[in-house]
Amino acid sequence: MMTLSERIGRVFLLIFVWAGLAFLTIPLAIIVAVSFTETEYLTFPPVGFTLRWYQRFLADTSYLDAIGLSVSLAVASTVIAVLLGIPAALAITRSNLPGVKIINAIFLAPLILPTIVIGAALLQYASMLGFARSYTALLVGHVVIVVPYILRTVLASLARFDQTLEEASLDLGASAFSTFFLVTLPIIKPGLVAGALFALIISWINVELSIFNATATLMPIPVKLFNYVQYAIDPMVAAISAGTIYVAIVAVVLLDIFVGIDRVATPSK
Amino acid sequence: MRIRNGWAALLIGLPLAFMAAFFLVPFFVVVIASFQTKDGVWSLANYTRILGDSYYPGVLYVTFKLSLIATLVSFAIGYPIAYYIVNVVRSRGARRICYVLVLMPLFTSNIVRSFGWMILLGRQGLVNTTLMAFGLTDRPIPILFTELSIIIGLTYILVPFMVLTVAGVLQTIDKSLVEAGLDLGASRFVTFVKVTFPLSLPGVVAGSLIVFTLAVSAYVVPSIMSGGRTVVMAMSIFEQYGSLFDFNFGAALAVGLLVVTLVLIALYLFFIERQPTGRQAVRA
C-alpha cells in the first residue's frame with residue numbers, strides 16, 4: 001500500500017520518535033547507572049559495582065526522616081483528598097446545586113495555577129495565623145494540590161457508569177448509604193485508584209510547595225535533595241535519586257495493573 | 001441517582017470549606033499584601049518597583065524567552081511522539097511501552113530529572129565526552145549553567161505534558177476523515193498536512209499553553225540548571241519569601257506571575273472550547 005517515499009517518511013518518523021523517547025529515558029537511566037559506581041565522584045560510565053552509596057544514605061537518619069516525612073505527607077494528603085473528593089464529586093455530578101461549575105473550578109484550579117504561588121500564599125497565610133513551617137502547613141498544602149487528581153478521576157468514573165445499577169439497588173430496597181458502598185464505590189474504584197496513585201506521586205515529588213514551609217528538621221525528601229544538589233553532587237545523591245526513580249517505576253507498574261496505563265494516559269478513550 | 005440539593009450542600013460543605021480556608025483565602029491574602037507596604041499602608045509601591053528599575057523587566061524577559069523556546073522545542077519533540085502513539089503503533093504492547101516511557105519522567109521529581117541532566121551536560125559529562133570522541137570539539141563546551149541547559153531541562157520536564165495533551169486530541173479525530181483523504185488519492189503526508197494536523201490544532205494550542213504556563217512558573221529546573229546564574233520569575237518570588245522575608249514585594253511578584261498565568265488559561269479555555277470533544281482531552 002505504502003509508496004517508497006511514504007516508507008522512507010515512516011522510517012524517519014520512527015527514528016525521530018524513538019530518539020525522543022530515548023531523550024525522556026536516558027537521564028533517568030544515567031542516574032541509576034552512576035548510583036552503583038565504586039568511585040568517590042560521579043562518573044559515567046560507572047566504574048565497578050557497589051551498593052555502598054545506598055547503604056550510606058540509608059544509614060543517615062536525616063534522610064530516613066525526610067523519606068518518612070514525605071511518605072507521611074503523601075499518604076495523609078491522599079487519604080484526606082479522597083475523603084474530601086468523593087463527596088464533592090457526588091455533589092457535583094448528582095445534584096443541580098447552583099454554582100456547581102464554579103465549585104468544580106475551585107477544586108481543579110490548583111492543577112493549573114503556579115505551584116510556587118500556591119506555596120508562597122500558604123506561607124504568608126500560615127505566618128499570619130501562626131502555623132507557618134509546621135507539619136499542618138505542609139499537609140494542607142499537599143491536600144490542596146492533590147485534590148484535583150482525585151476529583152478529576154472520580155468525576156470521570158461517575159459520569160461514565162450506568163446509573164440504572166444504582167436505581168436497581170434502591171428499588172431492591174437498599175438505602176442510599178448502602179447503595180453507595182455496595183454499588184457506586186466498587187464501580188468507581190479503578191478511577192479512584194488511578195487518582196490516588198497520581199496524588200501520592202504528586203505529593204511525593206513536590207518541591208515548589210513544600211520548600212516554603214519546610215524547616216531544617218521538617219524537610220520532605222525532594223526538598224532535602226534540592227538543597228543538597230545545589231552545593232554538592234556525588235554518588236550518594238545519585239543513589240537517593242535512583243531510589244525515587246524506583247518508586248516511580250513501581251507507581252507506573254501499579255497503574256498499569258490496576259487501571260491500564262493507556263487508559264490513564266488518555267482517559268478520553 | 002440524583003441527590004437532593006440539601007444533601008448535596010451537606011456533601012460539598014466540608015470539602016468546599018477546606019478549599020476556601022487553605023486555597024482561596026490565602027490567595028486573597030497575597031493579593032491584598034501586594035497592594036500594601038510592610039507597615040500595612042495601601043500603596044502601589046511594590047508594582048511600581050517591579051516595573052521601575054530594569055532588573056525585574058529583565059527577569060520577565062528571560063522567563064518568557066526561555067519558556068517560549070522550551071515550548072516550541074517541546075512541541076517539535078512531543079507532537080511526533082503523540083502522533084506515533086495514536087496513529088502509527090498497532091500493538092497494544094508497544095503503545096504501553098511508549099506510555100510508560102512518557103509517564104516515568106512525569107513521576108520523578110524535577111530535581112532528580114535535572115540532576116540527570118547535570119550528569120549529562122557537565123564538563124566531563126556524556127554529551128561533552130561524546131562530542132570530543134567524534135572530534136566535533138577538542139575541549140569541553142560549557143553547556144551546564146547556561147541558558148541552553150535551562151532550555152534543555154525545561155523541555156525535558158514539559159515534553160510529557162505536550163505528548164499527553166496532543167495524544168488526547170489526536171484520539172478524538174474521526175479516522176474516517178483520514179481514510180477519505182487517502183481514498184481520494186492524497187498521500188499520507190498530504191493527508192496529514194491537510195486533514196490530521198489542522199484537526200489537531202486545538203490540541204497543539206492547548207498543549208502549548210499548558211506547557212508554557214508550566215515553564216513560566218518553573219522554579220526547580222531553572223534554579224538547578226542555571227547554577228544561580230540566570231534568574232527567572234519563580235526564583236525571584238522564592239527569594240523574596242524564603243530569604244529576604246519581604247512578603248509584600250514577593251506578593252506583588254506572585255500576583256504578576258498569577259495574572260500572566262490566568263491570561264494564558266483564559267486563552268487555553270477559549271481554544272479548547274472550540275473543539276467539541278476537546279474538553280475531554282483536558283488534563284495536566
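Proteins get letters first, then strands, A, B, ... in listed order; numbering begins at 1 in each.
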Taking every non-hydrogen pair under 4.5 Å, which of [options] racks up the most with chain A?
options                            : value
B/Pro160, B/Ser223, B/Ala251       : B/Ser223
B/Ser109, B/Ala21, B/Pro26, B/Ala8 : B/Pro26
B/Thr213, B/Ile224, B/Leu182       : B/Ile224

- If you measure only the distance, is there a donor-acceptor pair under 3.5 Å linking the side chains of A/Thr184 and A/Glu166? yes
- Task: Please say whether more than 12 non-hydrogen atoms of neighbouring residues, nucleotides or ligands are located less than 6.0 Å from CZ in A/Phe131.
- Result: yes
- Is it true that atom OH of A/Tyr246 has more than 12 heavy atoms of other residues, nucleotides or ligands lying nearer than 6.0 Å? yes
Can you tell which part of [X] gets under 4.5 Å to a heavy atom of chain B, answering side chain, backbone, both or neither?
X        : result
A/Phe16  : side chain
A/Ile201 : side chain
A/Gln230 : side chain
A/Ser5   : neither
A/Leu13  : side chain
A/Asn206 : neither
A/Phe198 : side chain
A/Trp204 : neither
A/Ala126 : neither

- Item | Max heavy-atom pair count under 4.5 Å with chain B, selected residue of A/Ile118, A/Thr93, A/Ile240, A/Thr164 | A/Ile118
- Given the options A/Leu225, A/Ile106, A/Thr244, which has more heavy-atom pairs under 4.5 Å with chain B than any of the others? A/Ile106
- Task: Could you tell me if the ring centre of B/Phe18 sits under 6.0 Å from that of B/Phe23?
- Result: no
- Message: Are A/Phe180 and B/Trp7 an aromatic pair, judged by ring center distance below 6.0 Å?
- Response: no
- B/Leu120 versus chain A, heavy atoms under 4.5 Å apart: side chain, backbone, both or neither? side chain
- Task: Evaluate the criterion side chain to side chain donor-acceptor pair (under 3.5 Å) for residue pair B/Ser187 and A/Glu6; output intermediate values, then yes/no.
- Result: CA-CA 8 Å; B/Ser187 69; A/Glu6 280 175 1; 4.7 Å; no
- Message: If the test is ring-ring contact (aromatic ring centres under 6.0 Å, His included), which one of B/Phe245, B/Tyr219, B/Phe238, B/Phe247 qualifies with A/Phe212?
- Response: B/Phe238
- Message: Minimum heavy-atom separation for A/Ile150 and A/Ala81, please, with both atom names.
- Response: CG1-CB, 3.9 Å
